[in-house]
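Computed from a prediction, not measured in an experiment: that's the story for all the values here.
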Amino acid sequence: MCNLSFFSGPFRDNFAGLLQPKTVNAFQRVKVEEVEFVDERLQDNSYWAKDGADIGYGAKAQEVLGQVKGRDFRHEKTKKKRGSYRGGQIDLQSHSVKFNYSDDE
């Protein structure tokens, strides 16, 4: 710590506070420790975690586009839109997670 004898009053206290090392905590909107999942299926948000993913229309696209990020994703997506892409079976089932809502909670 440096010698602060030439400063006086409240400025000295403020300056001394600036010299102290601070611990910086990154901002987190959601505290990971406090998250509780209503359904265990909500813990994995990947394409392959959903029911019927292996036979769905998006399975082939996921295999190709799942590996790509950023500018390359846009490039690959545009290439698939040109007409040579043929996806899998179109599934009309709902694979969503149903929640039970009640006024008692």
Side-chain angles (χ1 to χ4, degrees):
M1 184 95 170
C2 68
N3 185 4
L4 298 176
S5 60
F6 57 91
F7 293 117
S8 64
F11 182 73
R12 176 180 173 180
D13 297 335
N14 289 341
F15 189 73
L18 293 174
L19 295 177
Q20 298 296 327
K22 295 182 182 178
T23 332
V24 178
N25 294 332
F27 174 75
Q28 287 185 329
R29 187 174 308 278
V30 178
K31 307 292 185 217
V32 178
E33 303 84 28
E34 299 174 6
V35 174
E36 295 179 18
F37 290 100
V38 178
D39 192 324
E40 69 276 353
R41 293 178 288 176
L42 297 174
Q43 292 180 358
D44 187 4
N45 200 26
S46 68
Y47 176 79
W48 299 112
K50 81 172 192 102
D51 296 335
D54 51 341
I55 61 169
Y57 184 79
K60 185 176 175 185
Q62 173 61 24
E63 289 174 6
V64 175
L65 297 176
Q67 313 299 322
V68 186
K69 292 183 180 180
R71 181 185 301 167
D72 294 334
F73 177 82
R74 179 178 289 170
H75 178 70
E76 289 293 325
K77 181 183 72 165
T78 305
K79 283 178 19 182
K80 300 299 177 215
K81 290 163 95 177
R82 289 193 184 125
S84 63
Y85 175 73
R86 297 291 180 248
Q89 172 185 358
I90 296 178
D91 187 11
L92 298 177
Q93 293 180 340
S94 172
H95 298 288
S96 61
V97 177
K98 307 293 188 246
F99 294 99
N100 294 327
Y101 294 107
S102 66
D103 295 334
D104 297 335
E105 295 182 54

Sorted by chain and residue number, the salt bridge (Lys or Arg N to Asp or Glu O under 4.0 Å) partners of Asp39 (sequence neighbours excluded) come out as Arg41

Under the side-chain hydrogen bond (donor to acceptor under 3.5 Å, both in side chains) test, residues paired with Lys69 that sit two or more places apart:
none

Can you check whether Trp48 reaches Glu63 side chain to side chain, under 4.5 Å on heavy atoms?
yes

Interatomic distance, Tyr47 atom OH to Leu65 atom CG [nearest 0.5 angstrom]
11.5 Å

Nearest heavy-atom contact between Val68 and Asp72 is CG1-C, 3.1 Å

Does any part of the side chain of Leu42, heavy atoms only, come nearer than 4.5 Å to the side chain of Phe99, both counted from C-beta?
yes

Residues forming a salt bridge (Lys or Arg N to Asp or Glu O under 4.0 Å) with Glu76, sequence neighbours excluded:
Lys79

When rounded to the nearest 0.5 Å, the distance separating NZ of Lys77 from CZ of Arg82 is 12.5 Å

